[in-house]
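Note that the structure is a prediction, hence the values are computed from the model and not measured. No hydrogens, no waters, no symmetry mates; every other heavy atom, side chains included, goes into these values.
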Amino acid sequence: MHDRQRGSRSKLTDFGDTPAKEFRKQLHELADWIADFREHIERFHVAPNDKPGAIREKLPKCAPEEGEPFEKILTDVDHIIVPGMVHWSHPMFLGYFGWTSTASGILGEILTAPLNVNAMTWRTCPAATELETVVIDWLRQWVGLSPQFEGVIFDTASVGIMHALAVAREEAGPGTRKLGLTDRNLPRFRIYTSDQAHSSAEKAAIALGLGEENVIRIPSDDHFRMNVKSLSQRIAEDRQNGLQPMAVIATVGTTSTASVDPVRDVGHVCREAKVWLHIDAAYGGGFAMLPEYEWMREDWELADSIVINPHKTVFVPLDFSVLYVRDLARLQRVFSLVPEYLRGDTVEAEKNYMDYGIQLGRRFRALKAWVIWRSLGRAGVVARLREQIRLANLLVEWIKKDDRFEISAEPGMGVICFRFVGDAAPSPRPGMRARGRAGSIDRIDAINSDIVERINASGAAYLTQTKLRGRTVMRIGLGNVLTTEEHLQKGWEIIRETAEAAYR
Ligand SMILES: Cc1ncc(COP(=O)(O)O)c(C=O)c1O
């Protein structure tokens, strides 16, 4: 990173923009900054080891009265912001789901900045609107979804699921859009999802006035997949008790283990019970592009809505999530509302994406997807996803060779959950070893947590911990194109050394 001198006062004119010549100079400097950052990202600690408030302490409490030169701002980025970051793009970042920064993705983001349009209606930016339709359809084709499904781009899967459930709510309780839920003698609506599903289900229930306690967590089986028999039973019981089953959320790629619910069986239960089926393929959706994962998407046609997060697995930089709905007009019926001042903007028959959600102003997200997907092509995306799977399998082999560790769940796509147990006999069920030489089961939990905390605090690598059946496990999520076999090998060494130190 360049070490800049404090720049002189900016040449900002009093009323307008930065003069063109100066802007060009700043852009060149920024281009170098970005290229240096990306090329030398391994120089940084993956994560800072700061206490909360450490960054704020280095920053002025009040905004500046007078404008400051860009050079000075960039110097502060170097000295304060960058060292205070968790570097999700660092090749040793192995936490959550591996990250989607790529050079082409960065170019797509940069290109979006100067355009700065509002894609609320077709007329307010025809290219943004039409490109949104195009990239949504490209992804639909890539994952083999039927053309009955059309979509809309949101920032995140959490927002997508909330919109999907708003439609489910309207179909279960017609008139809710107009009249709301209260004083209408409506039954209590229920949503079902597995005990492994993401908390965005409850968040959506909170936002929609359905109540988080009406999200019923169905137990999962030994492979962390929803138990369909329990689902049917619970739906029947609820009906008997006068409650109204409204929606089921099946997950394709759960957050902890990337397990995949039995979508076909869940789908048939939904059809029979006449409830909405939402598929949360936020993580697994991208992998559905691979012919070897075709089984995962065979029954998606049973769904009413599906969320895929290309910002998790299709290399689009955060944020970019697609909600597909079978017959998109169902979404439009719930959310279309044209204020008078926009009426003239909506006369064209083209889609106006403001009609498909709560947001009016919408950024041009489709552009960055278009840039990265053209740059990689389908084959490039597939090759990179396969490399993640290869690396995940390799790590599993290494873990299996060291009997102080055990695999805690069947590895799924780029996700591996494992646990340090010390020297002990293999457990009958993954992750369930009662005692290891390391001591009681609680002590083993504490050691696993400690290993993750120590590694993350060291800045050498970054991983996550999660609980499976109440036990603490370490979790690695691959996905960063910069993470090579060598990085993974180094990460595994760090884990083993840290485990030894934590165990002593
Ligand atoms: C399976 C699953 N669904 C939904 C989400 C929420 O995603 P978002 O951050 O896009 O709202 C996550 C987040 O990791 C997830 O793992």
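The backbone N or O of P91 sits less than 3.5 Å from a side-chain atom of T483, completing a donor-acceptor pair. Side-chain N or O atoms of S200 include none that pairs as donor or acceptor with a backbone N or O of K203 at under 3.5 Å.
Taking R386 as the reference, E292 meet the salt bridge (charged side-chain N to carboxylate O under 4.0 Å, His left out) condition, with sequence neighbours excluded. Applying the side chain to side chain contact (heavy atoms under 4.5 Å, CB included) rule to Q196 yields the partners S194, S220, F224, T254, S256, L468, R469; only residues at least two apart in sequence or on another chain are considered.
Of the residues K351, R330, R140, the one that meets the salt bridge (Lys or Arg N to Asp or Glu O under 4.0 Å) test with E150 is K351.
A donor-acceptor pair shorter than 3.5 Å can be found between the side chains of S321 and N309. No hydrogens or angles considered: a donor-acceptor pair under 3.5 Å links the side chains of W33 and D78.
The number of heavy atoms from other shown groups lying within 6.0 Å of NZ (K467) is above 12. Atom CH2 of W370 is surrounded by 12 or fewer heavy atoms from other residues, nucleotides or ligands within 6.0 Å.
Aromatic pair H87/F37: ring centres closer than 6.0 Å.
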Quiz item: Going through the distances and angles, do L210 and M246 end up as a side-chain contact (heavy atoms from CB on, under 4.5 Å)?
Solution: CA-CA 10 Å; L210 295 165; M246 186 192 100; 3.8 Å; yes
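Sorted by first then second residue, the salt bridge (Lys or Arg N to Asp or Glu O under 4.0 Å) pairs that include residues 275-290, not counting sequence neighbours, number zero.
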